[in-house]
Each structure stands twice: as C-alpha cells, then as structure tokens.
There are 2 protein chains.
Amino acid sequence: MARATTTRADILDSAVRLFAAHGFRGTSLQDIATDAGCSKASLLYHFTNKDAILTELLAPVGPEFAELEGRLAGLRGEEAARAAVTGLVDLSLRFRLQVKILLQDVDALINRPELPAADHIVERLTEALSGRSDAPQARVWAWMAMLGIILTSASECVIPEETLRAELTRGALRTLGLPTG
Amino acid sequence: MARATTTRADILDSAVRLFAAHGFRGTSLQDIATDAGCSKASLLYHFTNKDAILTELLAPVGPEFAELEGRLAGLRGEEAARAAVTGLVDLSLRFRLQVKILLQDVDALINRPELPAADHIVERLTEALSGRSDAPQARVWAWMAMLGIILTSASECVIPEETLRAELTRGALRTLGLPTG
DNA sequence: ACCTTAGCTGACCGATCGGCCAGTAATTGA
DNA sequence: TCAATTACTGGCCGATCGGTCAGCTAAGGT
C-alpha cells in the first residue's frame with residue numbers, strides 16, 4: 001500500500017495558484033516547489049516535466065467542452081444559441097482558475113504604465129449605465145462589452161474593417177442594453 | 001548629417017510582428033535581430049533593453065486612451081456609454097497589432113491539445129444565428145459573446161456567483177440579439 | 001588628410017531556466 | 001529480518017536568456 005502523502009496534490013494546488021498569478025511562463029519549477037514545500041527534484045518525480053503539470057490542470061476542461069459541443073450538435077437555431085450561452089457560462093464559472101491562467105499574461109501587459117488601466121473605462125461605462133458604480137449587472141455588462149470589443153477586434157481578421165466596426169458597435173451596444181439606432 | 005539608415009524602424013517592425021505572433025516572453029532578442037537582419041548587439045544599440053522596444057510599441061496607445069477617458073468625463077448616461085463604445089471600437093481597430101500582442105499568450109494556451117478549439121463553439125453559435133456559417137455579423141457577435149462570457153468570468157471575482165451567472169447569460173444573449181426571456 | 005562620431009558587430013558574461021541522476025531514508029510485503 | 005519499492009533530495013548539466021564591452025568601419029565635417 002502506498003503511503004498517504006499529499007505532495008502531489010500540494011504541487012497541483014501551488015501550480016494552479018502560481019500559474020493564475022504570474023502566468024505559465026512567469027512561474028518556474030523552483031517557484032512551485034518552494035510554494036508546495038518540496039524540492040524541485042521531487043516535483044519532477046511526480047510529473048515528467050513542467051508541461052505535464054499544466055496538462056493535468058487543464059485536463060478536466062477538455063471533455064466538458066466536448067460534451068457541450070455534442071449537446072449543441074443536436075440543436076438548431078435559437079435553442080442552440082441559448083444552450084451554447086448557458087453552457088459557456090457554466091463552464092467559465094466552474095473552471096475560473098484555469099481561465100485565469102489564460103488571462104494572466106494579458107493582465108501583465110495591460111497593467112504596464114504606458115497603457116491605461118482598463119478598469120477606468122469599465123468604471124465610466126458602469127456609471128453611465130447605472131448612475132452608481134457598484135451596480136453588479138452594470139459592471140458585468142461593461143466588462144463584457146469592453147472585452148468583447150477589444151479582443152474580438154484582434155481575433156477577427158478576415159472580415160472587412162467597416163463591417164467589423166459596425167458589428168462590434170452594434171454588439172456592444174446590445175450587450176449594454178442600449179438601442180442600436 | 002546622420003546617414004539614412006532604416007535599422008531602427010526595421011527592428012520595431014520585426015518586433016511588433018514577432019511579439020504578436022509568439023508573445024513578448026516568447027520572443028527573444030536574437031529572434032528580433034535575426035528577423036530585422038542585424039545583430040543582437042545592434043538592437044541593443046538602438047534600444048536600451050528589450051522592454052524599451054515594447055514600451056515604444058505601446059507608447060501611442062496610452063495618450064489616445066487618456067483622450068477617450070477625458071471625452072467620457074464630460075458626458076453622462078446613454079451618451080457616455082455610446083461614446084465609450086464607439087471610442088473603444090475605434091481604438092481597438094487602430095491598434096490591432098498591439099492588442100494582438102496582449103492576446104498572443106492566451107492563444108498559445110487556448111490552442112493546447114487538452115483544450116478544445118474555441119472556434120468550434122463560435123462556429124456552432126454562428127450557424128445557430130444565421131443558418132450559414134459565413135455571415136460576418138453573426139461571427140462577430142458569436143466571438144463577442146464567447147469572449148465576453150469566458151474572460152469576464154475570470155475578471156469579476158467580487159460579484160456573487162449567482163448574480164454573475166445570471167448577468168453573463170443576459171449580456172451574452174443580448175449580444176447575440178436574442179430575447180433574454 | 002585627419003579626426004570625430006554614428007552604426008554596427010563578435011565574443012563574452014552572469015543568471016536562470018527546465019531537466020537529469022546518483023544516492024538516501026522510510027515504508028512495505030514477504 | 002530483509003529485499004524491494006516509494007518518496008524524496010542535493011548537486012549538477014547544457015541551453016538560453018538579456019545584457020555588456022572593446023573594437024571595427026565608414027561617413028562627414030573641417
């Protein structure tokens with residue numbers, strides 16, 4: 001019988017927190033080992049290499065995502081769209097730490113002194129929507145609109161610029177609950 | 001009179017493309033120098049260090065963002081929200097390469113084999129919205145909704161989960177142009 | 001013709017990285 | 001009791017990183 005050690009679980013716990021805090025590349029094996037209270041060599045005894053740790057952390061996401069895709073295949077039109085939205089919301093909330101790993105490197109760059117804090121724009125948007133900056137739904141919509149605009153513009157390169165400009169504006173206004181007139 | 005050399009401009013041109021393709025950390029000084037057709041030492045003759053290159057690339061974004069914030073300060077309510085949206089769309093499209101730098105590390109992680117390609121869900125959403133997968137506005141809205149959900153969920157940690165779940169769903173449905181019933 | 005300077009380079013440096021390996025201590029089943 | 005296995009470690013390795021430096025070359029001003 002194997003001894004009831006918690007080292008392996010400790011490593012995974014430390015890794016997911018450090019990856020989420022400093023990014024995958026920004027976290028060294030020594031960082032993880034120190035945080036987990038073991039040696040770097042012990043870490044590489046439990047995992048073949050650094051990548052294997054990330055792989056194991058992301059492993060549960062894949063099948064769940066595939067299941068959602070399978071569910072969508074049997075649906076059409078508005079029903080499919082609604083299922084996709086609720087499924088994505090559910091997955092995003094259940095794997096928040098994993099998503100935060102993906103986001104970390106973006107944060108590190110967005111918080112550079114040459115760039116303005118994105119929070120300022122979100123704050124303005126939230127105030128504009130609610131008059132008060134602490135209304136939860138206004139904050140969520142403001143974040144969604146801002147991230148939707150900024151990140152979609154970088155991902156969608158095949159669409160003509162004018163079309164993209166018009167549709168990004170329409171989509172964001174609708175996200176905020178404003179008429180697209 | 002100084003000689004009309006293009007090395008400095010070549011370096012900036014190579015850097016922005018390589019940063020956008022492989023991320024800041026994923027691009028070495030040697031990579032940039034090779035692409036620009038000069039030595040690494042020459043690169044460090046024109047720029048004090050690696051960070052200075054990124055700083056210069058991001059420099060034009062800051063003032064423009066600040067100007068947008070200033071414009072928003074003089075507006076209220078729906079007018080402010082509309083100005084924020086059109087301003088954000090404009091900035092995002094004008095600094096697409098810079099935004100792509102921020103996004104690159106996310107792409108590198110999202111394209112791991114354990115994670116499903118996000119494009120699949122976008123494809124399903126687009127089909128659900130339009131019946132045809134090549135309708136430009138449907139693709140844009142699908143991307144906006146997906147990125148809005150996933151990334152907002154990681155950014156908004158203070159809001160109670162149930163509120164977040166409800167508002168993410170409402171916001172995404174509105175982005176897609178669907179009733180939030 | 002000569003000096004200054006801008007532009008550029010190869011060689012090198014210390015630090016840090018992921019990863020390897022021989023060896024050790026402790027627990028286990030026989 | 002003892003060999004085998006598990007868990008773990010310190011020390012080391014090669015590679016790569018960002019960055020430095022002395023020195024070369026050629027263009028310009030005088």
Side-chain angles (χ1 to χ4, degrees), chain A residues 1-59 98 101-102 104-105 107-109 111-114, chain B residues 1-59 101-102 104-105 108-109 111-114:
Chain A
M1 208 184 86
R3 280 172 290 172
T5 55
T6 62
T7 304
R8 192 189 156 87
D10 292 343
I11 291 171
L12 284 174
D13 182 70
S14 295
V16 74
R17 279 187 295 100
L18 292 174
F19 287 163
H22 309 114
F24 179 68
R25 282 182 174 145
T27 304
S28 70
L29 291 179
Q30 189 57 62
D31 291 336
I32 302 172
T34 302
D35 189 275
C38 69
S39 70
K40 192 177 66 167
S42 173
L43 190 150
L44 286 164
Y45 165 79
H46 289 285
F47 299 90
T48 56
N49 53 30
K50 186 185 182 185
D51 206 78
I53 302 177
L54 181 59
T55 297
E56 186 150 329
L57 287 175
L58 297 179
Q98 277 87 345
I101 295 178
L102 307 184
Q104 182 48 44
D105 294 295
D107 278 3
L109 282 173
N111 288 327
R112 289 178 65 87
E114 310 88 36
Chain B
M1 207 181 88
R3 280 172 291 173
T5 55
T6 62
T7 306
R8 192 188 157 87
D10 291 344
I11 291 170
L12 284 174
D13 181 71
S14 294
V16 73
R17 279 187 296 102
L18 291 173
F19 287 163
H22 309 113
F24 180 69
R25 282 181 175 150
T27 304
S28 71
L29 292 179
Q30 189 57 63
D31 291 337
I32 302 173
T34 301
D35 189 273
C38 68
S39 70
K40 193 176 65 168
S42 173
L43 191 149
L44 287 162
Y45 166 77
H46 289 284
F47 299 90
T48 56
N49 53 31
K50 185 186 182 184
D51 207 76
I53 303 178
L54 182 59
T55 297
E56 187 151 328
L57 288 175
L58 297 180
I101 294 178
L102 309 183
Q104 183 48 45
D105 295 295
L109 281 174
N111 287 328
R112 290 177 63 87
E114 310 86 38

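No experiment lies behind these values; they were computed from the predicted model shown. First the proteins, then the strands, lettered A, B, ... as listed; each starts at 1.
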Novice: Looking at A:F24 and A:K50, what are the two nearest heavy atoms and their distance?
Specialist: O-NZ, 2.9 Å
Novice: Please report, rounded to the nearest Å, how far the C1' atom of C:dC20 is from the CG atom of A:N49.
Specialist: 12 Å
Novice: Any donor-acceptor pair under 3.5 Å linking the side chain of B:T27 with the backbone of B:L18?
Specialist: yes
Novice: Please tell me if B:T7 has a side-chain N or O lying less than 4.0 Å from either OP1 or OP2 of C:dC8.
Specialist: yes
Novice: For A:R8, which residues count as a salt bridge (Lys or Arg N to Asp or Glu O under 4.0 Å) partner, sequence neighbours excluded?
Specialist: A:E56
Novice: To check you understand the geometry: which heavy-atom pair defines the closest contact between A:L57 and A:Q98, and what is its length?
Specialist: O-NE2, 3.0 Å
Novice: Heavy atoms only: give me the nearest B:L29-B:I53 pair and the separation to one decimal.
Specialist: CD2-CD1, 4.5 Å
Novice: I want to check something: taking the side chain as every heavy atom from C-beta on, are B:I32 and B:F19 in contact at a cut-off of under 4.5 Å?
Specialist: yes
Novice: Provide, to the nearest angstrom, the distance between the CD atom belonging to A:Q30 and the P atom belonging to D:dG11.
Specialist: 13 Å
Novice: Restricting to pairs with a member in residues 27-36 of chain B, which pass salt bridge (charged side-chain N to carboxylate O under 4.0 Å, His left out), not counting sequence neighbours?
Specialist: B:R17-B:D35
Novice: Where the side chain of A:L44 is concerned, which of C:dC20, D:dT20, D:dG18 is the nearest nucleotide?
Specialist: C:dC20
Novice: Just the atom pairs and distances: protein N or O near nucleotides 9-12 of chain C's N or O, under 3.5 Å.
Specialist:
{"unit_1": "C:dT9", "atom_1": "OP2", "unit_2": "B:S39", "atom_2": "N", "d": "2.8"}
{"unit_1": "C:dT9", "atom_1": "OP2", "unit_2": "B:S39", "atom_2": "OG", "d": "3.1"}

Novice: Quickly work out the A:L29 CG to D:dC8 P distance and round it to whole Å.
Specialist: 16 Å
Novice: Can you list, pair by pair, the side-chain donor-acceptor contacts under 3.5 Å of residues 36-43 of chain A, counting residues two or more places apart and other chains?
Specialist:
{"unit_1": "A:S39", "atom_1": "OG", "unit_2": "A:S42", "atom_2": "N", "d": "3.0"}

Novice: Between CG of A:L12 and CZ of A:F47, what distance do you get to the nearest 0.5 Å?
Specialist: 4.0 Å
Novice: Please report the end-to-end axis angle for the helix from C:dA1-D:dT30 to C:dA30-D:dT1, five pairs per end, rounded to 10 degrees.
Specialist: 10°
Novice: Given atom CZ of B:F47 and atom P of C:dC8, what is their separation to the nearest angstrom?
Specialist: 11 Å
Novice: So, is B:H46 near the phosphate of C:dA6, with a side-chain N or O under 4.0 Å from OP1 or OP2?
Specialist: no
Novice: Short of 4.0 Å, heavy atom to strand atom, which residues of residues 8-21 of chain B count as contacting DNA chain C?
Specialist: none
